Amino acid sequence: MAVNSTKLFLVIRICVVFLMLSFSHGRINPSFRRIKAVNLGGWLVTEGWIKPSLFDGITNRDFLDGTGLQFKSVTVGKYLCAENGGGTIIVANRTSASGWETFKLWRINETTFNLRVFNKQFIGLDSNGNGINVVATSNMPGSSEMFEIMRNSDDQSRVRIKAPNGFFLQAKTEELVTADYAGSSGTWGDDDPSVFVMTISGRMQGEFQVTNGYGHNKAPQIMREHWKTFIVEDDFKFIAGNGLDAVRIPVGWWIASDPTPPQPYVGGSLQALDNAFTWALKYGVKIIIDLHAAPGSQNGFEHSSSRDGSQEWGTTDDNIQKTVDVIEFLAARYAKRPSLYAIELINEPLSPGASLEMVNKYYKAGYEAVRKHSSAAYVLMSNRLGPMDPRELFPLTNGLTRSVIDVHYYNLFSDIFDNMTVQQNIDFINTNRTAELNHVTTSNGPLTFVGEWVAEWQVSGASKGEYQRFANAQLEVYGRATFGWAYWTLKNVNNHWSLEWMINNGYIKL
């Protein structure tokens, strides 16, 4: 009898160890472990479309960092262009405007700017020549690359561009653009070679734009008020009371330098994140910290705090190490907090700019940085955006405990959804998304997490019932993800993007 008891004890012990290892590696994941989460987007990393009013107090807010401008000469009748995309002269000989004819703003103050061209050089005056020819040869802006944009008060599309030498730019010919026009600034007619018709081709409204737009004197007050009021304790009470058990909180890399981050960023977001942990503990909510904006921007979008749409993260080892340092800072600070459930190493790196080699290198180092401080926290790794194998991270995650692949599913942002009917959208969820999720969900691989999704689509005039069907289809399919899902986002001026609004108005039931 003693022998049988010993054998039974050993069998039970082996089973327990096996289960622990399986949970650890994501091979077994019963339903009670799957989280139902919501993203707290637009809070600690600004996205202007979520709360446009945040930008209302910026003077000359048409001209924020990253705004794309195109200039058509009223005398020549052609667009200014960085010849060859940059590296040489500026001409005025294009009949239509595209990349080479678009100039991205770097805002210095309300009226003074650097103008960045397609190949990332800056427009300036030719210091090696006569000092008046306009070129795009400098890789870093200096005093010769500072321009003032003056708008006609009666027609905001008509502008003059004042060069640092005090003269206005003019298109003398299609092949010669100079900064030597001293004519009166009071005339705006079609006979004035210094007048250009300006088109705004694109805008950005992220963290860089809002903080640099307000400037170092006003931005701290604006941002701290936003952090204090946009997400509050009652939101965590609402989350816990409506079938959710976790939040995914996007943060920016500058949080690790709080309270004195590099300009134009301002301090205070770290205290807001501390508050979130306090509220999460009170209401039993788990927290996923998501590094949404990495140094240099990992995808060029405003939600990664790109200054002008450029994607520069992952191009150097130094850049990657800075990002690892941010992860280690967050892991060290919150590892002992009971509410810390996971750390996401980066959000949506974009292929091919973020190469698989660089992403793997960073994920490995970031994972080790988390493990230095916590063996319990899950480590989330976002799949790259763009053409790639959805399983490309599998070799890296093999053997990494508590690793999770984060995929984002939207029936948006692609032409294939433009003309889909209600039923076609729902069928796409049930068929295509099921297949995609099944493809990245394996018995011996990492856990899977649908870290972003929304009950919004391209269908016009859909009824409440149709939205409910669409939401329910996604809840059913994404509920099979072995780690769980997170709705984007809790609060948004666009109603269907706001889970709070969707719940309060009966469009979704969790």
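Note that this is a predicted model, so its numbers are computed, not measured.
Taking the side chain as every heavy atom from C-beta outward, Arg384 and Leu356 approach each other to under 4.5 Å. Glu452 is listed as a side-chain neighbour of Glu348, based on a closest heavy-atom distance under 4.5 Å. In this structure the side chain of Leu273 reaches within 4.5 angstrom of the side chain of Ile255, judged on heavy atoms. Side-chain contact between Leu40 and Ile239: present, with at least one pair of heavy atoms (C-beta onward) separated by less than 4.5 Å. Side-chain contact check for Met223 versus Thr211: some heavy-atom pair is nearer than 4.5 Å.
Nearest heavy atoms, Val45 versus Val251: CG2-C, 3.2 Å. Minimum interatomic distance between Glu344 and Ser382 (heavy atoms only, all atoms of both residues): OE2-CB, 3.4 Å. Shown here for Pro390 and Asn383, the closest heavy-atom pair between the two residues is O-ND2, 3.2 Å. Among all heavy-atom pairs drawn from Pro52 and Val493, the shortest one is CD-CG2, 3.6 Å. Nearest heavy atom pair, residue Ser201 against residue Leu69, reads OG-N, 4.2 Å. Taking all atoms of both residues into account, the shortest heavy-atom contact from Gln298 to His292 is NE2-O, 2.9 Å.
The distance from the CG atom of Asn299 to the CG atom of Asn347 is 7.0 Å, given to the nearest 0.5 Å. Rounding to the nearest 0.5 Å gives a distance of 10.0 Å between CG of Leu44 and CD1 of Ile289. How far OH of Tyr507 is from CD1 of Ile503: 14.5 Å, rounded to the nearest 0.5 Å. The structure places CG of Asn39 at 7.0 Å from CG of Asp290, a figure rounded to the nearest 0.5 Å. Considering CD of Gln209 and CZ of Phe55, their distance stands at 6.5 Å, rounded to 0.5 Å. How far CG of Leu499 is from NZ of Lys491: 12.0 Å, rounded to the nearest 0.5 Å.
Between the Asn360 side chain and the Glu357 main chain, no donor and acceptor come within less than 3.5 Å of each other. At least one donor-acceptor pair under 3.5 Å links the side chain of Ser304 to the backbone N or O of Phe301. Using modelled atom types, one side-chain atom of Trp227 and one backbone atom of Trp43 make a donor-acceptor pair closer than 3.5 Å. A side-chain donor-acceptor contact under 3.5 Å links Asn504 to the backbone of Glu500. With hydrogens and angles ignored, the 3.5 Å screen pairs a side-chain donor or acceptor of Glu302 with a backbone N or O of Gln205. Although no hydrogens or angles enter the test, the distance criterion places no donor-acceptor pair under 3.5 Å between the side chain of Arg433 and the main chain of Tyr478. The backbone N or O of Ala293 sits nowhere less than 3.5 Å from a side-chain atom of His303 that would complete a donor-acceptor pair. One N or O on the side chain of Asn492 and one on the backbone of Asn494 form a donor-acceptor pair closer than 3.5 Å. Remark: the backbone N or O of Phe428 is not paired with any side-chain donor or acceptor of Thr431 at under 3.5 angstrom. A donor-acceptor pair is defined here as one N or O able to donate and one able to accept, closer than 3.5 Å; no such pair exists between the side chain of Ser297 and the backbone of Ser305.
Classification of Lys237 and Glu233 as a salt-bridged pair fails, no side-chain N sitting under 4.0 Å from a carboxylate O. Remark: Arg34 does not engage Asp245 in a salt bridge, criterion side-chain N to carboxylate O under 4.0 Å. Remark: Arg469 does not engage Glu466 in a salt bridge, criterion side-chain N to carboxylate O under 4.0 Å. The pair Arg480-Glu476 meets the salt-bridge criterion, since a charged nitrogen lies less than 4.0 angstrom from a carboxylate oxygen.
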For a side chain to side chain contact (heavy atoms under 4.5 Å, CB included) check, start with the C-alpha distance between Asn139 and Phe122, then their side-chain angles and the critical distance, and finish with the verdict.
CA-CA 6 Å; Asn139 292 318; Phe122 293 88; over 6 Å; no
Apply side chain to side chain donor-acceptor pair (under 3.5 Å) to Ser498 and Asn495, showing your working.
CA-CA 5 Å; Ser498 166; Asn495 290 339; over 6 Å; no
Verdict with supporting geometry, Arg248 and Asp406, salt bridge (charged side-chain N to carboxylate O under 4.0 Å, His left out):
CA-CA 12 Å; Arg248 178 174 179 255; Asp406 180 13; 3.5 Å; yes
Evaluate salt bridge (charged side-chain N to carboxylate O under 4.0 Å, His left out) for Glu368 paired with Arg371, printing each intermediate quantity in order.
CA-CA 5 Å; Glu368 291 172 352; Arg371 287 290 168 259; over 6 Å; no
Chi angles and distances behind the side chain to side chain contact (heavy atoms under 4.5 Å, CB included) call for Leu281, Arg337
CA-CA 9 Å; Leu281 182 61; Arg337 303 290 283 265; over 6 Å; no
For a salt bridge (charged side-chain N to carboxylate O under 4.0 Å, His left out) check, start with the C-alpha distance between Lys104 and Asp65, then their side-chain angles and the critical distance, and finish with the verdict.
CA-CA 7 Å; Lys104 298 288 187 69; Asp65 289 276; over 6 Å; no
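For the ring pair (Phe, Tyr, Trp, His ring centres under 6.0 Å) condition, the pairs that include at least one residue of residues 307-338, sequence neighbours left out, are Phe277-Tyr334, Trp313-Tyr362.
Aromatic pair Tyr283/Phe238: ring centres not closer than 6.0 Å. Less than 6.0 angstrom separates the ring centroid of Trp501 from the ring centroid of His496. Between Tyr410 and Trp453, a ring centre-to-centre spacing not shorter than 6.0 Å is recorded.
Remark: Asp418 CG is packed, more than 12 non-hydrogen atoms of other residues, nucleotides or ligands lying under 6.0 Å away. In Tyr214, the OH atom is crowded: over 12 heavy atoms of neighbouring residues, nucleotides or ligands sit closer than 6.0 Å. For Gln263, the CD atom is loosely surrounded, since the number of other residues' heavy atoms within 6.0 Å does not exceed 12. Dense packing is recorded around NZ of Lys120, with more than 12 heavy atoms of other residues, nucleotides or ligands lying under 6.0 Å away. The environment of CD in Gln221 is sparse: at most 12 heavy-atom neighbours from other residues, nucleotides or ligands sit within 6.0 Å. In the displayed structure, His216 atom NE2 is contacted under 6.0 Å by at most 12 heavy atoms of other residues, nucleotides or ligands. Heavy atoms from other residues, nucleotides or ligands lying under 6.0 Å from NZ of Lys336 number 12 at most.
For the residue pair Gln474 / Tyr409, no side-chain donor-acceptor distance below 3.5 Å is found, with atom types taken as modelled. With 3.5 Å as the limit, one finds no donor-acceptor pair spanning the side chains of Thr316 and Asn319. If you check the side chains of Thr401 and Tyr367, you find a donor sitting under 3.5 Å from an acceptor. In this structure, a donor-acceptor pair under 3.5 Å is present between the side chains of Asp308 and Ser310. Between the side chains of Gln321 and Asp317, not a single donor N or O lies within less than 3.5 Å of an accepting N or O.
Note that Arg307 lies in the cation-pi zone of Trp106, set by a 6.0 Å cut-off to the ring centre and a 45° limit from the axis.
Every residue two or more places apart in sequence or in another chain that forms a salt bridge (Lys or Arg N to Asp or Glu O under 4.0 Å) with Arg333 is listed here: Asp274.
Classified by interplanar angle (parallel below 30°, tilted 30° to 60°, perpendicular above 60°), the ring pair Trp253/Tyr265 is perpendicular.
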